[in-house]
Structure formats: structure tokens, C-alpha cells
Amino acid sequence: MGKVIKDLFLALLNATLILVAVCLFLGWKLMSTVDGVVSNAAANLEVLRPLREEVAGMREEVQGLRSDLATMADGADGISAAAAERLQLRAEALEARMDEVRSQISTSLGSPEELIDHSIETAADAAARSIADLRGCSLPD
């Protein structure tokens, strides 16, 4: 009777250790998948760098327009026709650039829900592939 209890205890201990090892392995695979998703998200945010630079350029343009307006407001003669035309052209160019940046941002980002859904689907697919590889199965195409 004592030998049976000892064998059952060893079998239980062995099964528990195997279960812990499998859980640790799956956790490790999950963390590597999460790291991949995070690095992918960071790469996607890197795409927005040119848009940030474009916005910075537009801010400088707005500051230039403000300084021109301040200079003209300080002058006693008022605004000449040539200066008004230059300001109008600069304002139109700035508006066109702002519309372009706005459309680039909307196409790059879409909606946050779509980006989050895509990240979750990517992580779930990678986790499913890892588990399928572990079991020696193949996923349907």
C-alpha cells in the first residue's frame, strides 16, 4: 500500500512538473509574440515621422505669416497690393499642404480600433501557429 501511494505521488509530481514546463513554454512563446507585435507597432509609428516633419514645416510657415502680418501692421502705409497677393498665395499654399497632411494622416492611421484589431489578430494568429507547431499540426489556409 505504501509503494502504491509513493508511486501515485511521484506520478502526480511528474505530471505537475510537465504541466508547469508546458505552461512556461507557452508563456515564453506568447511573450515573444507580444514583443513582435510591439516592435511592429513601433515600426508603424515610424511611418508617421515624415508627417511630423511636415507639420513642423507648416508651423514655421504660420510663424512666417504672423511675422509678416505684424510687420505690415506696424507700417504706416498699410498693406500694399503686392504684399496682400503674396500673403494670399502663401495662405493658399499652406492650406493645400495642410489638406495633404490631413489626408495622409487619415490614410495612414485609419481608425484606432482597426489598428488594435489588426494587432490582436496578428498576435492570435502567431500564437495559434506556435501552438500548432508544438503539436505538429498544420493550420488551414
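Note that the structure is predicted; figures quoted are calculated from it, not measured.
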Does any pair with a residue in residues 19-28 pass salt bridge (charged side-chain N to carboxylate O under 4.0 Å, His left out), and if so which ones, sequence neighbours excluded?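 Residue pairs with at least one partner in residues 19-28: there are none.
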Any pair counted as salt bridge (charged side-chain N to carboxylate O under 4.0 Å, His left out), so long as it reaches residues 13-22, sequence neighbours left out: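 Not a single pair qualifies under salt bridge (charged side-chain N to carboxylate O under 4.0 Å, His left out).
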L13 side, atom CG; L8 side, atom CG - distance, nearest 0.5 Å: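 With rounding to 0.5 Å, CG (L13) is 12.5 Å from CG (L8).
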How long is the gap from CG on D7 to CG on N14, to the nearest 0.5 Å?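 CG of N14 is found 12.0 Å from CG of D7.
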Residues in salt bridge (charged side-chain N to carboxylate O under 4.0 Å, His left out) contact with K6, at least two apart in sequence or another chain: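 K6 satisfies salt bridge (charged side-chain N to carboxylate O under 4.0 Å, His left out) with no other residue.
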Under 4.5 Å side-chain linkage, directly or through intermediates, the cluster mates of L10: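 None; L10 is a cluster of one.
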R90: side chain to side chain donor-acceptor pair (under 3.5 Å) partners, not counting sequence neighbours: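 With sequence neighbours excluded, R90 shows a side chain to side chain donor-acceptor pair (under 3.5 Å) to E61, D68, given in chain and number order.
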Which pairs of donor and acceptor atoms, one on a side chain in residues 19-33, lie under 3.5 Å apart (sequence neighbours left out)?
from	atom 1	to	atom 2	distance (Å)
S32	OG	K29	O	2.7
T33	OG1	K29	O	2.9

